[in-house]
Amino acid sequence: MKALTTYFFIIACLVNQIQAQQLDDHIRVNQLGFYPGAPKIAIVVYDSVDNNFYVVNSNKHDTVYNGKLSNIHHSNNSSLTTRIADFSSFNKTGNYIVVAGDKQSYPFSIEENVLHTVAVASLKGFYYQRMSMPLEEKYAGKWARAEGHPDTVVYIHSSAATTQRPEGTIIKSPGGWYDAGDYNKYVVNSGISVATLLSAYEDYPGYFKTLKTNIPESNNGVPDILNEALYNIRWMLTMQDPKDGGVYHKCTNAKFDAMIMPDKATEKRYVVQKSTAATLDFAAVCAQASRIFSKYKKQFPGLADSCLKAAIKAHQWAEINPRVYYFQFKMNKQFQPAVITGDYGDGNITDEFFWAACELYATTNNENYWRVIDSTNQHKMSLPSWSNVYTLGMYTLLRLHPAKHLMDIEGMSNLVVAFADSITNNINTSAFETVIGGSRRDFNWGSNSNAANQSIVLLNAYRIIKSKKYLDAALTNLDYILGRNATGYCFVTGIGTKSTMHPHHRPSVADGINEPVPGLMAGGPNPGRQDGCKYEFTEPETAYVDSDCAYASNEIAINWNAPLVYISNAIEALQKNF
Ligand code: 9MR
Ligand code: 9MR
């Protein structure tokens with residue numbers, strides 16, 4: 001009898017569990033939560049026969065709010081239909097779920113500083129990407145690991161050979177972050193990643209002086225976001241050829257490593273051909289770093305000066321070599337060994353010229369750089385990405401607000417605001433009421449970074465016109481990243497109830513720990529599915545699979561985490577009135 005009771009008990013538990021899984025997935029919500037004064041929306045993605053929804057206290061199970069579901073919306077980006085549960089007017093702090101029919105959402109909270117968790121975690125994510133040093137338990141917790149890739153023996157690849165540094169010359173190129181789920185480091189992608197962190201600091205310096213992420217440098221009197229950025233900048237500085245100022249495109253293996261831990265990955269390392277894009281991105285970052293670290297001369301004597309010298313020299317190289325593209329396919333026809341790691345090749349580098357000139361101008365006030373700005377000004381606005389850095393230059397000029405060029409600055413402000421207005425309108429046409437999803441083109445490789453970069457545009461618009469509508473719009477994409485989306489996943493590891501568990505990230509795959517390395521954002525839905533893995537859903541906004549096979553939708557990358565750092569921290573800063 002006892003055995004039978006246990007049997008039924010187990011069955012009952014199983015049924016409960018299965019139901020719980022089914023129940024939980026049909027109502028999509030930011031799995032972290034909401035600020036009391038912010039808009040609050042959950043999305044019902046099944047045909048509820050009931051027109052009502054309830055917000056229920058997750059501990060006491062008492063209903064604290066009830067409302068009516070919207071009419072059915074048909075998504076433009078998949079065959080899904082949705083109904084909106086808007087409980088924005090409910091603002092009592094606490095922990096809740098949303099219930100509609102027999103379905104319920106994952107829990108979330110309403111509280112002040114609700115984004116603090118993701119703000120800290122996303123920045124700490126960069127620490128976990130550090131190479132050439134062991135991650136100690138006191139900082140890394142259970143993800144502590146041995147040092148990988150000292151990069152003290154790096155070979156000049158045949159494509160990079162010069163008289164002073166012939167093929168096979170050994171140089172040192174230690175430090176920096178792993179680019180993504182792979183173990184290589186790429187100057188182009190480091191460029192936008194570091195710049196986004198440095199810009200977050202420049203836009204909210206007071207806030208970042210208070211933000212600690214428990215990294216080895218945390219008590220050195222320098223904001224942790226700058227300490228973290230500097231870890232990669234010091235590596236970038238090693239990528240410049242001291243002779244001519246040109247910058248190697250990447251420091252890499254010839255082939256991608258197996259899915260093994262960093263310290264086990266000991267393939268030969270190379271620096272490859274210099275490129276104009278890498279050199280200009282380097283110049284931009286070094287110029288920006290120079291003006292920031294000039295305020296930290298006591299902690300880092302000489303750093304600001306070295307950065308500026310490096311930036312100027314790089315820029316000079318680019319002016320003499322304006323069209324040295326990195327096209328790996330072509331390079332491999334000419335040089336051995338063939339290099340088949342990430343390409344980051346870019347055939348249009350007018351935007352890189354613009355950005356580098358903006359940063360150099362902002363740091364030096366030298367009008368010669370303004371002439372370059374003038375000649376490369378596109379007078380249009382576009383979403384930043386690793387291959388399109390034009391807008392990064394605009395952000396810097398808007399922050400600088402040079403009195404000599406107010407007409408141009410006004411033009412740029414107008415462009416940012418017009419772009420922000422147009423993407424804000426997406427909310428009305430999106431079945432998830434988010435800014436992302438206004439176009440199917442939003443869903444490409446690294447689509448979640450599009451969401452984050454759109455929010456950065458909106459936050460810049462907010463800096464120009466203090467209208468809350470831009471803040472609210474920026475929050476819609478955070479809600480998206482944290483769970484209010486067509487996949488039902490919170491895309492940031494370690495956050496929320498149903499989050500990415502199996503990113504294409506070598507340490508997370510190989511470390512034998514169940515939970516992935518925390519604070520890393522998956523690339524997100526990508527109908528291109530270039531990885532050839534098995535996907536259950538393939539439409540633009542659903543083409544995501546939480547499998548470590550799926551590098552086209554489930555890898556993590558520094559250029560995707562950086563805008564997440566920017567938006568979560570900027571919004572926290574604004575809530576705290578910084
Ligand atoms: O692991 C690599 C990942 O970082 C890259 O984004 C991706 C695309 O370049 O390639 C991954 O490596 C795969 C390679 O391209 C093909 N063979 C399997 C590799 C690991 O899954
Ligand atoms: O983010 C990059 C994406 O825009 C490209 O389409 C893709 C293929 O070239 O490569 C992505 O970058 C990967 C890089 O090449 C290697 N490291 C992992 C990066 C993220 O997947």
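Numbering of ligands and ligand atoms starts at 1, following listing order. Numbers for residues simply follow the sequence, beginning at 1.
- No salt bridge links Arg506 with Asp182; every basic N to acidic carboxylate O contact stays at or beyond 4.0 Å.
- His504 NE2, 2.6 Å is the protein heavy atom nearest to atom 1 (O) of ligand 1.
- Electrostatic pairing of Asp151 and Lys185 counts as a salt bridge here, judged by a charged N lying under 4.0 Å from a carboxylate O.
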*Using the salt bridge (Lys or Arg N to Asp or Glu O under 4.0 Å) rule, take Glu541 and Arg440 through it: C-alpha gap first, then chi angles, then the decisive distance, then the call.*
CA-CA 8 Å; Glu541 66 181 349; Arg440 287 187 167 220; over 6 Å; no

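- Of the protein's heavy atoms, Trp386 NE1, 3.6 Å lies nearest to atom 2 (C) of ligand 2.
- Protein heavy atom in closest approach to atom 18 (C) of ligand 2: Glu555 OE2, 3.1 Å.
- Taking the charged nitrogens against the carboxylate oxygens, Asp244 and Lys274 do have a contact shorter than 4.0 Å, which makes a salt bridge.
- In the model, Ser79 has a side-chain atom that pairs as donor or acceptor with a side-chain atom of Glu539 under 3.5 Å.
- Proximity of the aromatic rings of Tyr231 and Trp177 is defined here by a centroid distance below 6.0 angstrom, and this criterion is not met.
- Here Trp560 has side-chain heavy atoms under 4.0 Å from ligand 2, and that is the only part of it that gets that close.
- In terms of polar-atom proximity, defined here as any N/O pair under 3.5 Å, Arg506 does make such a contact with ligand 1.
- Contact annotation for atom 6 (O) of ligand 2: protein present (non-hydrogen atoms, distance under 4.0 Å).
- For atom 12 (O) of ligand 1, the protein comes within 4.0 Å by at least one heavy atom.
- What sits closest to atom 14 (C) of ligand 1 on the protein, heavy atoms only, is Phe256 CD1, 4.0 Å.
- Side chain to side chain, Gln328 and Tyr326 meet the donor-acceptor criterion of an N or O pair below 3.5 Å.
- With respect to atom 15 (O) of ligand 1, the closest heavy atom belonging to the protein is Tyr551 OH, 3.8 Å.
- Of all the atoms in ligand 2, the ones that sit under 4.0 Å from a non-hydrogen atom of Tyr344 are 12 (O), 13 (C), 14 (C), 19 (C).
- Of all protein heavy atoms, the one lying nearest to atom 8 (C) of ligand 2 is Trp445 CZ3, 3.6 Å.
- With 3.5 Å as the limit, one finds no donor-acceptor pair spanning the side chains of His149 and Glu267.
- Between Phe327 and Phe329, the distance separating the two ring centers is not shorter than 6.0 angstrom.
- Proximity to Ala180 (heavy-atom distance under 4.0 Å) selects the following atoms of ligand 2: 17 (N), 18 (C).
- Taking every heavy atom of Asp182 and a limit of under 4.0 angstrom, the matching atoms of ligand 2 come to 16 (C), 17 (N), 18 (C).
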